[in-house]
Trainee: 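Quick one: structure below, then a few questions.
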Amino acid sequence: MTQNCQLALVLGDQLSFDLPSLSALDPARDWVLMAEVAAETDYVPHHPQKIALIFSAMRHFAEALGERGYQVRYVPLDQPGNPGSLPAVLEQAVAELSIDQVHLTECGEWRLEAALRACALPITWHADTRFLCGRDEFARWAEGRKQLRMEFFYREMRRKSGLLMNGDGTPVGGAWNFDAENRKALPKQVKAPMTARFPADAVTQDVLALVAERFSHHYGSLDAFDYPVTHAEAEALWQHFLDFALPAFGDFQDAMATGEPFLFHARISAALNIGLLDLRRLCADVEAAYWQGRVPLNAAEGFIRQLIGWREYVRGIYWMHMPEYAERNAFGNTRPLPEFYWTGKTRMKCMSQAIGQTLEHAYAHHIQRLMVTGNFALLAGIQPSQVCDWYLAVYMDAFDWVELPNTLGMVMHADGGYLGSKPYCASGQYIKRMSNYCGDCAYKVSESTSEQACPFNALYWHFLMRHREQLGGNHRLGMIYKGLDKMTEAKQDALWTRGEALLARLDAGQAL
Ligand code: FAD
Ligand code: SF4
């Protein structure tokens, strides 16, 4: 009797040795399939460093699987006959290797999962257990709630994981959240730690050459690529963060500074999202560092909240509401994304810093994404799908399940307040408080209506005025609308006129 032969298709963001679809295989008999395909590289113009990371990490992972005794069929991008899409590569492998059963772990993108589910093949789907909260579990939690709140979901995850919990079910430190302590600007005398860098080995150099040849027309530079591409390197990046940055992570989580792209951030999101790091291990390490007295509670809790709170929360929302979530546009925005998002050529210092480091490193930290580039797109009324495509393209860590809800829901409020209770809109005063950008800017943050006034100021009030009908009843914006109403009519008119002029310049294709 012939034995059934099975195959697991392992995707570029599934590089984990304990991936459920891999665990289903008998390495001595079955096959692993991995493929670099054109369809995944250009549905948005991905940053060349993102493509390089994924291809290099895939090649290293395939090698490591081989060392563990797996038979791996690896299809490089430039292999003659590469059919160019994952469903086609899979169908070809199933036919050529006489496969009886395919194993797949849930995808990170609705688009790809729909395409693979449409294949007429015997596929067993496995839940992605690398997350703490399964898709169904999230849907059960969310059922019947009109609006979701991350904070309540996060408490459930704290209880479920037991992280930073006392034996009696109360949170360590007497509160669930220490965010109020995590909003300090960076004092001049505080220096960010050196970044851990990983030189390119021969495999990565081959990939960098391939990417340089094939994707030089995509925005972003390959020059500064120094990212971990193996599990061991990702672990080294993580240990570097634990030792040098985590203690101050909480305090300066929201700070921004000229020429400091990483500050006290972990820079682990890309490695985590593609499977080089394990969520539960990271959380256990952070908790242990707290109990050992190596990091304060606001840093440990703040970090764990990002991982088991925000990260799991946005994933749950994504899978509950795709594909229609991607179409939402609650403010009816129609303005195209300004060209300077792709070039960084703007006189606004905060924007040129955030975009410039994005082009150089495929990285910006959360507050730059939310309160600088995101805030501008929200205030300027940019079409949400264009903003989402930009974030998906330019960041090394960007995968639809995490990028889309963060951009469409958190930044653009395009889901009408389902993900977050109010828009994260802010004037230049917020950026001034949290950064040193304004001192060196061509615009004046203290002015709102003059020709040299900070564009964020008038655009902020213009946004609130033009969306009064939708936002006026939001109790979290009550004080702000009261402030607007206290302004003289002349002041309100001047803000509106300046806002209109700025938007007209964008419409004329001019950079600000
Ligand atoms: P740190 O600041 O050190 O935080 C630690 C970890 O917490 C991150 O590595 C990440 O895994 C997790 N985390 C923190 N905030 C979030 C969040 N809001 N959602 C999910 N995870 C979070 N993150 C992505 O991984 N991929 C994306 O495509 C992505 N797109 C974003 C788009 C926008 C508009 C915004 C506002 C945020 C986005 N984020 C995304 C979340 C966050 O900005 C990045 O995870 C973070 O900047 C990565 O850098 P870090 O590893 O240094 O993070
Ligand atoms: Fe940004 Fe305005 Fe400050 Fe310039 S003045 S850096 S545009 S917030």
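Side chains are part of it too, since the values below use all heavy atoms of this structure and drop only hydrogens, waters and symmetry mates. In what follows, residues are counted from 1 in the order of the sequence shown. Remember, it's 1-based here, ligands and their atoms both numbered in the order they're listed.
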Trainee: Does F463 reach the side chain of R466, with side-chain heavy atoms less than 4.5 Å apart?
Mentor: yes
Trainee: Could you check whether R311 and N273, counting side-chain N and O atoms only, form a donor-acceptor pair closer than 3.5 Å?
Mentor: yes
Trainee: For the residue pair F252 and F264, categorise the inter-ring angle as parallel (less than 30°), tilted (30 to 60°) or perpendicular (more than 60°).
Mentor: tilted
Trainee: How about F331 and H467: are their ring centroids closer than 6.0 Å?
Mentor: yes
Trainee: Hey, what's the ring geometry for F153 with Y313, parallel, tilted or perpendicular (30° and 60° as the breaks)?
Mentor: tilted
Trainee: Using a cut-off of 2.8 Å, count how many protein N, O or S atoms are strictly closer to atom 2 (Fe) of ligand 2.
Mentor: 1
Trainee: Out of W238, W310, Y290, which one pairs with F303 under the ring pair (Phe, Tyr, Trp, His ring centres under 6.0 Å) rule?
Mentor: W238
Trainee: Can you tell me which residues line ligand 1 if we count any heavy atom under 4.0 angstrom from one of its atoms, in chain and number order?
Mentor: F249, H265, A266, R267, I268, S269, L272, N273, F303, Q306, L307, W310, R311, Y363, A364, H365, H366, R369, L370, Y391, D397, A398, F399, V402, E403, N406, T407, M410, V411
Trainee: Should the pair R197 and F225 be classed as cation-pi, given the thresholds of under 6.0 Å to the six-membered ring centre and 45° from the axis?
Mentor: no
Trainee: Can the ring centres of H47 and F215 be said to be less than 6.0 Å apart?
Mentor: no
Trainee: Salt-bridged, E260 to K191, with N to O below 4.0 Å?
Mentor: no
